[in-house]
Amino acid sequence: MTDGTETTPAHRYTAALAGQIERRWQDYWADHGTYHAPNPVGPLAEQDKQLPSDKLFVQDMFPYPSGGGLHVGHPLGYIGVDTFARFNRMIGRNVLHTLGYDAFGLPAEQYAVQTGTHPRTTTEANIANMRRQLRALGLGHDERRSIATTDVEYYRWTQWIFLQIFNSYYDEKQDRARPIADLEKEYEDGTRATPDGRPWSELSRVERREVIDSHRLVYISDAPVNWAPGLGTVVANEEVTPDGRSERGNFPVFRKNLRQWMMRITSYADRLVDDLELLDWPEQIKTMQRNWIGRSRGANVRFAAGDAHIEVFTTRPDTLFGATYMVLAPEHPLVERLTANEWPEGTDERWTGGAATPGEAVADYRREASRKSELDRQENKEKTGVFTGSFAVNPVNGERIPVFIADYVLMGYGTGAIMAVPGQDQRDWDFATKFGLGIIRTVQPSEGFDGEAFTGEGPAINSTNEDLSLNGMGVEDAKKAIIAWLEEHGHGEGTVQYKLRDWLFARQRYWGEPFPIVYDEDGLPIALPEDQLPLELPDVEDYSPKTFDPEDADSEPQPPLAKATDWVEVTLDLGDGPKKYRRDTNVMPQWAGSCWYQLRYIDPTNTERFVDPENEKYWMGPRPAEHGVNDPGGLDLYVGGVEHAVLHLLYARFWHKVLFDLGHVSSKEPYRKLFNQGYIQAYAYVDSRGFYVPADEVEETDGRFFYNGEEVRQEYGKMGKSLKNIVTPDAMAENYGADTFRFYEMSMGPLEISRPWATKDVVGAQRFLQRLWRLVVDEETGALRVSDAELTDDDLRRLHKTIAGVREDYAELRFNTAGAKLIELNNYVTKVYGATQATPRALAEPLVLMLAPLCPHIAEELWHRLGHPDTLVYGPFPQADEKYLVEDTVEYPIQVNGKVRSRVTVAADAGKDDVQAAALADEKIVALLAGGEPRKVIVVPGRLVNVVL
RNA sequence: GCCCCCGUAGCCCAAUUGGCAGAGGCACACGACUCAAAAUCGUGCAAGUGUGAGUUCGAGUCUCACCGGGGGCACCA
């Protein structure tokens with residue numbers, strides 16, 4: 001460790017010196033507002049400054065300010081974005097980069113509960129600590145724009161947007177959201193019929209409200225939701241893991257009917273899928289969103305069953321002729337009506353479940369199914385079910401087919417009932433073979449197919465009735481033909497199904513945005529007028545929610561706000577005189593604040609609007625000239641982990657689209673380009689008892705690991721307190737300096753790749769910066785050691801090649817290779833000038849400038865010492881001169897049958913023939929040819945020559 | 001089970017997108033400095049690209065199969 005002991009030269013770039021330099025420049029930047037980006041209009045506009053039209057809006061995913069502070073994994077993305085932002089600032093762009101805090105939500109509250117203090121106190125202390133840590137990294141944030149979702153002035157606008165959504169409905173014809181007042185007008189003037197056909201004027205006040213409320217984009221529904229007793233709150237579908245537990249806390253989740261706020265995200269399902277095409281996002285995330293929305297096109301088909309009709313959804317209506325039985329989900333509402341009194345004559349024993357009557361069989365099966373958890377149903381894929389004793393009629397051919405109930409059909413998807421086509425569906429095949437049901441192939445399997453159900457493409461077979469034949473048609477044509485036939489005969493229609501469900505938007509917790517809603521004496525929800533926003537959280541005695549035994553499915557949520565009776569019971573004048581109202585006691589989910597924060601970054605101090613339209617247009621509006629005619633707009637680069645693929649990223653797109661529909665923003669999408677950073681992982685070590693030992697005290701010998709002499713086992717994964725392998729940026733700054741840390745972190749590999757942390761490797765970055773420093777500053781005296789010497793031809797070529805490469809690397813987020821090129825140039829300069837009196841200024845300056853995006857403090861310091869009074873944050877970034885990039889001569893490797901055998905050097909502008917002639921004249925090649933003629937000679941200009949014998 | 005991504009020196013990573021496998025860093029060895037060590041500086045060492053086939057004049061790069069690692073989906077009709 002270099003710690004400035006007496007043997008170290010006084011002006012060496014040690015950690016201590018780096019620390020002084022870093023603090024000085026951090027102060028300078030803060031004092032000068034160096035990273036303040038001007039807006040076109042409003043409080044953050046700058047009158048005297050020309051606003052560059054060339055802008056860049058970059059953003060990191062909103063961090064949650066945790067009590068534990070940062071470890072070295074957290075700032076990976078921040079440093080990457082900062083480096084990119086700094087490069088763009090240096091080439092003249094107006095760059096908006098800041099970082100706010102997603103400070104509401106369960107973790108903040110749980111932490112506050114643990115420490116026994118008010119969530120706001122804890123949250124604010126955590127934010128202050130995180131700001132300190134981030135400042136020490138030298139991130140170029142416009143701190144005026146840093147917001148926290150818990151700021152009252154911020155959540156005022158979260159509530160305002162909620163009311164915008166509340167006061168909107170989805171117009172299916174125009175395919176966009178519109179103000180609810182437009183809908184009311186349609187009912188009033190009769191353009192739109194009321195649900196029961198009565199004139200609008202005859203409906204009571206409450207009836208009208210109920211009609212209107214049923215159309216709102218956020219509405220109260222009494223439907224099954226995910227109740228987590230251990231958390232004391234309901235959670236959204238997106239927050240439930242595949243094995244039926246809460247993502248937060250890993251508590252069991254139960255389906256329970258409750259009155260809850262829902263957001264009508266399903267109205268946007270098509271646009272959320274289709275507009276993915278417009279986005280420059282990783283394919284992986286797009287796929288995850290597509291899967292989650294789960295759009296499938298198909299048909300609803302009605303089968304007569306006695307005096308009832310069973311409606312099924314199918315994506316394969318073309319296989320209708322192959323339907324040999326039907327299945328209802330056990331919970332399907334028609335099950336009771338369809339359960340026969342006794343088994344029909346000759347019922348197969350396998351179908352009865354051993355029961356004497358269908359009634360018993362059905363009751364037994366339903367009871368068993370209800371007892372199975374989601375996980376059991378998933379794990380046990382053995383098909384089970386019982387016959388209801390009833391038959392349905394296949395509308396295409398009049399065949400009577402038996403109706404079963406089975407738990408492989410889920411009530412939650414489609415209509416909760418299917419037509420079973422074992423010939424083309426493996427699940428149906430499995431069920432049919434177990435229960436001895438018929439199998440009819442309606443698609444000709446491909447040659448040599450020896451599987452069971454055939455789900456591939458092929459011509460239809462066995463599919464004719466009196467006025468329809470699908471035989472010979474491909475799957476797509478057959479689908480179209482059968483849907484037309486079904487629609488013509490009234491048996492069904494083409495339709496689209498989605499897996500996506502409406503977003504459950506309420507939480508029974510304390511630390512979140514209160515709903516700006518009150519209830520009148522009829523229990524109807526009423527929006528607070530805008531001038532009563534913000535509605536602030538009340539102080540309560542006990543802000544922790546009531547939690548229950550995690551397994552207690554029968555418990556009921558008890559929101560903490562309900563206990564604040566003085567706040568809940570309120571008298572307000574909402575236009576018709578003072579009246580008593582009751583406030584909503586739910587709070588919004590954590591995702592609410594992060595649905596729109598990019599918009600507030602743009603205009604953080606605007607008190608009139610959530611964002612000024614002109615500022616939004618400048619920073620986020622579509623720019624077809626740069627991004628193509630279909631550019632949806634949005635910020636220019638959004639960097640974060642992959643874990644928010646279907647939560648934050650879906651919700652934020654949804655809100656943004658609502659705001660777009662209502663004319664509040666000009667961009668269709670919030671995030672034009674998304675980039676998923678990798679993670680920094682770490683080794684952890686476990687001793688023979690299974691306990692973790694401090695990773696930084698483990699020693700490696702011959703590939704084995706020892707702690708206090710005892711052998712320990714190496715594990716690889718996350719950094720975590722309990723794993724005793726945390727490395728903090730604070731420790732890195734103290735031991736090496738923030739610039740060294742930044743450089744090392746960026747040089748570890750491409751930003752999108754996960755890689756293991758290795759503290760011992762950091763010294764490489766430190767040595768590089770020390771060498772560079774030494775080229776400019778005399779380590780003994782601190783004097784500048786640069787000269788005005790002319791650069792040699794070799795110097796110029798190396799320099800300009802580096803400039804060209806580094807520019808490209810920075811622009812493409814390849815910070816690891818940019819760093820390597822800088823080291824390469826630095827090593828060259830060291831070799832040539834390190835031992836001389838001085839380094840040519842014409843080499844030192846561009847080197848310093850090119851380093852600045854990665855290591856801003858040392859670059860500023862050297863730039864300053866080189867005699868420049870102003871910051872280099874605004875450039876200039878060196879420009880490569882083409883004339884130094886072209887070589888006079890080129891050395892061609894000569895391959896013989898693909899193996900390099902010799903080399904020739906020819907003029908760079910030599911023609912193919914000249915190169916070939918030179919290659920064939922080479923003595924080693926002549927020897928290899930031994931007088932014979934080559935079969936072929938391939939000359940790749942500028943690359944190589946290959947002689948084929 | 002299905003789909004996607006990744007396997008290059010002991011380790012982290014490059015490779016102009018089909019053209020000489022090596023840019024950079026760590027580790028290691030040797031040398032310089034030092035009474036010595038650390039730090040620093042210099043020099044050097046190292047894999048034929050997970051395995052096997054194929055396409056090609058030429059494959060780390062393209063195709064197929066397999067092995068290993070990571071991720072997503074999973075009775076969604």
Side-chain angles (χ1 to χ4, degrees), chain A residues 1-3 5 7-9 12 14 242 282-285 287-288 290-292 294-296 298 312-316 319 327 377-378 380-383 406-410 412-421 424-428 430-431 497-499 642 645-646 678 700 702-703 716 743-744 747-750 752-768 770-771 774 779 805 808 814 816-824 826-827 830-831 834-835 891-900 903 934-938 940-949:
Chain A
M1 212 116 307
T2 59
D3 55 1
T5 55
T7 51
T8 307
R12 172 162 292 175
T14 59
E283 210 41 55
Q284 187 196 5
I285 302 285
T287 303
M288 285 166 72
R290 283 192 196 103
N291 285 344
W292 187 259
R295 176 166 69 188
S296 25
V312 304
F313 172 72
T314 175
T315 55
R316 292 296 302 276
T319 64
V327 184
R377 269 171 88 143
Q378 268 171 42
N380 185 8
K381 297 214 171 153
E382 181 72 15
K383 295 285 176 291
D407 66 3
Y408 82 94
V409 173
L410 310 172
Y413 185 76
T415 61
I418 62 157
M419 64 178 207
V421 187
Q424 273 79 229
D425 184 296
Q426 189 61 43
R427 294 158 300 177
D428 297 344
D430 294 343
F431 191 89
Q497 275 287 335
Y498 304 90
K499 211 173 90 180
V642 73
V646 291
E700 182 180 354
D702 301 328
Y716 181 57
F743 191 90
Y744 168 66
S747 68
M748 291 169 79
E752 67 271 26
I753 301 295
S754 294
R755 52 321 258 293
W757 178 261
T759 301
K760 68 178 176 59
D761 291 0
V762 178
V763 69
Q766 188 182 33
R767 285 178 192 153
F768 160 58
Q770 283 179 344
R771 276 202 293 270
R774 194 154 41 225
E779 282 193 334
E808 201 178 302
R814 294 192 302 253
N816 55 327
T817 51
K821 289 182 173 91
L822 292 175
I823 293 175
E824 195 182 358
N826 193 57
N827 287 350
T830 302
K831 192 175 256 181
E891 189 190 57
Y892 280 83
I894 309 168
Q895 296 183 336
V896 175
N897 289 341
K899 292 227 165 81
V900 178
R903 292 163 194 282
R935 291 225 323 262
K936 201 169 172 186
V937 179
I938 292 130
V940 185
R943 296 265 179 263
L944 52 57
V945 180
N946 190 8
V947 180
V948 187
L949 296 182

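Basis for what follows: all heavy atoms, side chains included, without hydrogens, waters or symmetry-related copies. Order of the sequence lines fixes the chain letters, A, B, ..., with proteins taken first and strands second; residue numbering starts at 1 for each chain.
Backbone-only engagement by A:Asn827 is indicated by non-hydrogen atom pairs under 4.0 Å involving sugar-phosphate atoms exclusively.
Residues meeting the side-chain contact (heavy atoms from CB on, under 4.5 Å) test with A:Arg767, sequence neighbours left out: A:Val763, A:Arg771. The side-chain contact (heavy atoms from CB on, under 4.5 Å) search around A:Val642 returns A:Gln284, A:Ile285, A:Asn676, A:Tyr679, not counting sequence neighbours. Residues passing the ring pair (Phe, Tyr, Trp, His ring centres under 6.0 Å) test with A:Tyr892: none are found, sequence neighbours excluded. Residues forming a side-chain hydrogen bond (donor to acceptor under 3.5 Å, both in side chains) with A:Ser296 (at least two apart in sequence, or on another chain): A:Tyr413. With sequence neighbours excluded, the residues satisfying ring pair (Phe, Tyr, Trp, His ring centres under 6.0 Å) with A:Phe743 are A:Phe768. Contacts of A:Arg755 classified as side-chain hydrogen bond (donor to acceptor under 3.5 Å, both in side chains), with partners at least two apart in sequence or in another chain: none. When the side-chain contact (heavy atoms from CB on, under 4.5 Å) test is applied to A:Ala420, the partners found at least two apart in sequence or on another chain are A:Tyr325, A:Tyr408, A:Ile418, A:Asp428. Partners of A:Glu779 according to the side-chain hydrogen bond (donor to acceptor under 3.5 Å, both in side chains) rule, which considers only residues two or more places apart in sequence or in another chain, are A:Arg12, A:Arg774. The side-chain hydrogen bond (donor to acceptor under 3.5 Å, both in side chains) check on A:Gln426 picks up A:Asp430, A:Glu452, with sequence neighbours excluded.
You'll find that the side chain of A:Glu891 is closest to B:C20, out of B:G72, B:G25, B:C20. Nearest nucleotide to the A:Arg774 side chain, out of B:A77, B:A23, B:U40: B:U40. Checking B:A77, B:A23, B:U40 against the side-chain heavy atoms of A:Thr315 singles out B:A77 as nearest. Taking only side-chain atoms of A:Phe313, from C-beta outward, the nucleotide of B:A77, B:C75, B:G24 with the closest atom is B:A77. Taking the side chain of A:Asn291 as heavy atoms from C-beta on, and the options B:C75, B:C73, B:G24, the nearest nucleotide is B:C73. The side chain of A:Arg771 has B:G25 as its nearest neighbour among B:G25, B:C26, B:G19.
Nucleotides B:C33 and B:A37, compared at atom C1', are 12 Å apart to the nearest Å. With both ends at atom C1', the span from B:C12 to B:A53 equals 32 Å, rounded to whole Å. Across B:G48 and B:C11, the matching P atoms stand 12 Å from one another, rounded to whole Å. Separation of the C1' atoms belonging to B:G25 and B:A9 is 13 Å when rounded to the nearest angstrom. Between the C1' atoms of B:C76 and B:G72, the separation comes to 16 Å (whole Å). Taking the P atoms as reference points, B:U61 lies 24 Å from B:G70, given to the whole Å. Of the C1' atoms belonging to B:G31 and B:A15, the separation is 32 Å, rounded to the nearest Å. Nucleotides B:A59 and B:U63 are separated by 11 Å at their C1' atoms, to the nearest Å.
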Could you write out each protein N or O paired with an N or O of nucleotides 11-14 of chain B at a distance under 3.5 Å?
{"unit_1": "B:C12", "atom_1": "O2'", "unit_2": "A:Met748", "atom_2": "O", "d": "3.0"}
{"unit_1": "B:A14", "atom_1": "OP1", "unit_2": "A:Asn816", "atom_2": "ND2", "d": "3.3"}

For nucleotides 43-46 of chain B, print each protein N/O atom paired with a nucleotide N/O atom at under 3.5 Å, atom names and distance only.
{"unit_1": "B:U43", "atom_1": "OP1", "unit_2": "A:Lys831", "atom_2": "NZ", "d": "3.3"}

Please enumerate all protein N or O atoms sitting under 3.5 Å from an N or O of nucleotides 56-59 of chain B, with distances to 0.1 Å.
{"unit_1": "B:C57", "atom_1": "O2'", "unit_2": "A:Asn946", "atom_2": "ND2", "d": "3.3"}
{"unit_1": "B:C57", "atom_1": "O2", "unit_2": "A:Asn946", "atom_2": "ND2", "d": "2.4"}

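Projected onto RNA chain B by closest heavy-atom contact, A:Thr830 and A:Gly412 fall at different nucleotides, the more 5' of which corresponds to A:Thr830. Comparing A:Gly416 and A:Thr287 against RNA chain B, the residue whose closest nucleotide sits nearer the 5' end is A:Thr287.
A donor-acceptor contact under 3.5 Å is formed by the side chain of A:Arg943 with the base of B:U16. If you check distances only, the side chain of A:Arg903 does reach the base of B:C20 with a donor-acceptor pair under 3.5 Å.
The interatomic distance linking A:Asp430 (CG) with B:C75 (P) rounds to 14 Å, in whole Å. Remark: P of B:C76 and CG of A:Asp407 are 13 Å apart, rounded to the nearest angstrom. What separates CD of A:Gln497 from P of B:C76 is a distance of 14 Å, to the nearest Å. Across the protein-nucleic acid pair, A:Arg814 atom CZ and B:G24 atom P stand 17 Å apart, rounded to whole Å. Atom NZ in A:Lys821 sits roughly 10 Å away from atom P in B:U16 (whole-Å rounding). We find that CD of A:Gln426 is positioned 14 Å from C1' of B:A77, with the value rounded to whole Å. One can place CD of A:Gln284 at 11 Å from P of B:G71, the figure rounded to the nearest angstrom. A straight line from CH2 of A:Trp292 to C1' of B:G72 spans 13 Å, rounded to a whole angstrom.
The distance from atom CD of A:Gln895 to atom CD1 of A:Ile938, rounded to the nearest 0.5 Å, is 9.0 Å. Atom CG of A:Asn816 and atom NZ of A:Lys821 lie 9.0 Å apart (nearest 0.5 Å).
Annotation for A:Val947 and A:Pro934: closest pair CG1-CB, 3.6 Å, computed over non-hydrogen atoms. Taking every heavy atom of both residues into account, A:Ala645 and A:Met288 meet most closely at CB-CE, 3.4 Å. A:Met419 approaches A:Val312 most closely through the heavy-atom pair N-CG1, 3.7 Å.
A:Gln766 is not listed as a side-chain neighbour of A:Tyr744, based on a closest heavy-atom distance of 4.5 Å or more.
Nucleotide B:C2 has B:G72 as its partner under the Watson-Crick or G-U criteria, with both atom distances under 3.5 Å. Base pairing of B:A59 is not made with any nucleotide, judged by Watson-Crick or G-U wobble geometry with both donor-acceptor distances under 3.5 Å. With both pairing distances under 3.5 Å, B:C64 is matched to B:G52 as a Watson-Crick or G-U wobble pair. Here B:A15 sits opposite no nucleotide as a Watson-Crick or G-U wobble pair (both hydrogen-bonding atom distances under 3.5 Å).
OP1 or OP2 of B:A77 lies within a sub-4.0 Å distance of a side-chain N or O belonging to A:Ser296. Distances shown here put every side-chain N or O of A:Arg767 at or beyond 4.0 Å from the OP1 or OP2 atom of B:G25.
Base orientation of B:G48: syn, since the glycosidic angle falls within 90° of 0. Classified by its glycosidic torsion, B:U17 falls in the syn category, the angle being within 90° of 0.
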